Amino acid sequence: MPEQGPRMNGFSLGELCWLFCCPPCPSRIAAKLAFLPPEPTYSVHTDTEGATSLHLTERADWQYSQRELDAVEVFTTRSSRGNRVGCMFVRCAPNSRYTLLFSHGNAVDLGQMCSFYIGLGSRINCNVFSYDYSGYGVSTGKPSEKNLYADIEAAWQVLRNK
């Protein structure tokens, strides 16, 4: 990333040059503007028996107890483009017949969203399934439109089949 200098509407001159001029290719410019993955706010740990658990950083802003955290299942799947896709299943309403497939907004990852998912699912009495886009959280690959479509398809397939 370029050096920080005087700021114009939140961007330094160096950041603006990097954003629009390196390289001067329209699809690359669009990708730089559209995809803003944060530093990961969580990790997925696998024990010796293959069970996975969620570990949050301080930036994840967790608002609940360990009991709610234990109701969050995390795992990865693969997209058709070969990227590992981080997935999260939040069991908010164990007897619910419904699960909401949630595609989070830009510049956040699953670690930042999991408290929101618990609140949302509890309010509307359903479970929540979400995933990270390529380059976000524990998902591998680079953020791009093609990867985004493959990530969504992988999430849909794992939700339907798991």
Side-chain angles (χ1 to χ4, degrees), residues 1-2 11 14-62 68-92 96-121 126-162:
M1 198 67 173
F11 290 100
E15 288 170 329
L16 288 171
C17 287
W18 176 81
L19 194 61
F20 291 106
C21 302
C22 299
C25 172
S27 65
R28 301 288 287 168
I29 292 170
K32 288 177 185 178
L33 291 171
F35 303 110
L36 303 168
E39 289 295 318
T41 62
Y42 72 101
S43 60
V44 177
H45 294 197
T46 306
D47 67 18
T48 56
E49 296 176 8
T52 58
S53 60
L54 174 67
H55 292 266
L56 300 170
T57 69
E58 299 84 37
R59 293 183 319 107
D61 193 30
W62 182 248
E68 285 86 3
L69 188 60
D70 292 341
V72 177
E73 181 183 348
V74 290
F75 54 92
T76 60
T77 190
R78 288 266 174 206
S79 75
S80 61
R81 295 179 57 85
N83 293 326
R84 186 179 70 219
V85 178
C87 298
M88 178 178 283
F89 181 73
V90 183
R91 190 172 305 279
C92 306
S96 177
R97 293 181 18 205
Y98 302 103
T99 297
L100 176 68
L101 174 58
F102 195 100
S103 297
H104 63 70
N106 199 4
V108 296
D109 68 5
L110 292 176
Q112 292 167 300
M113 294 298 295
C114 61
S115 285
F116 172 78
Y117 295 152
I118 288 174
L120 175 66
C126 73
N127 298 313
V128 178
F129 180 86
S130 191
Y131 60 97
D132 264 335
Y133 314 116
S134 294
Y136 288 65
V138 299
S139 295
T140 60
K142 298 232 184 269
S144 73
E145 186 177 353
K146 287 180 181 179
N147 282 339
L148 175 72
Y149 295 138
D151 300 339
I152 292 168
E153 182 64 31
W156 173 243
Q157 291 304 320
V158 77
L159 177 59
R160 288 182 58 214
N161 298 324
K162 193 163 184 180

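Note that this is a predicted model, so its numbers are computed, not measured.
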- Note on the structure: Partner of D151 under side chain to side chain donor-acceptor pair (under 3.5 Å), picked from S134, S80, S139, is S134
- Task: Could you tell me whether the side chain of S130 reaches within less than 4.5 Å of the side chain of M113, counting heavy atoms only?
- Result: no
- In Å and rounded to the nearest 0.5 Å, what is the CD to CE distance from E73 to M88? 10.5 Å
- How long is the gap from OH on Y42 to CG on L110, to the nearest 0.5 Å? 4.0 Å
- No-hydrogen, no-angle side-chain donor-acceptor test under 3.5 Å, Y149 and E145: yes
- Once you round to the nearest 0.5 Å, how far does OG1 of T41 lie from CD of Q112? 4.5 Å
- Message: If I take atom CG from residue D70 and atom CG from residue L54, how far apart are they, to the nearest 0.5 angstrom?
- Response: 10.0 Å
- Item | Smallest separation among heavy atoms of S144 and N147, with atom names | OG-N, 3.1 Å
- Task: Using the six-membered ring of F75, assess whether NZ or CZ of K162 lies under 6.0 Å from its centre and within 45 degrees of the ring axis.
- Result: yes
- Contact summary for H45 and S43, nearest pair of heavy atoms: NE2-OG, 3.0 Å
- Message: Treating R81 as the side-chain partner and G141 as the backbone partner, does any N or O pair qualify as donor plus acceptor under 3.5 Å?
- Response: no
- Query: Just wondering, do V90 and F116 contact through their side chains at under 4.5 Å, heavy atoms?
  - Reply: no
- Note on the structure: In terms of heavy-atom contacts, S103 and Y133 come closest through C-OH, 3.4 Å
- Item | From T77, T76, V158, L101, residue fulfilling side-chain contact (heavy atoms from CB on, under 4.5 Å) relative to Y131 | L101
- Query: Going by heavy atoms in the side chains, are L56 and C114 under 4.5 Å from each other?
  - Reply: yes
- Message: I need the H55 NE2 to L69 CG distance, nearest 0.5 Å.
- Response: 8.5 Å
- Where is the tightest heavy-atom contact between D109 and P40, given as atom of each residue plus distance? OD2-CA, 3.3 Å
- P37 and G135: which non-hydrogen atoms are nearest, and at how many Å? CB-O, 3.4 Å
- CD (Q157) with more than 12 external heavy atoms under 6.0 Å: yes
- Evaluate side-chain hydrogen bond (donor to acceptor under 3.5 Å, both in side chains) for Y136 paired with N106, printing each intermediate quantity in order. CA-CA 9 Å; Y136 288 65; N106 199 4; 2.4 Å; yes
- CG (D132) and NE2 (H104) are apart, to the nearest 0.5 Å, by 4.0 Å
- Task: Apply side chain to side chain contact (heavy atoms under 4.5 Å, CB included) to Y117 and C92, showing your working.
- Result: CA-CA 8 Å; Y117 295 152; C92 306; 5.6 Å; no
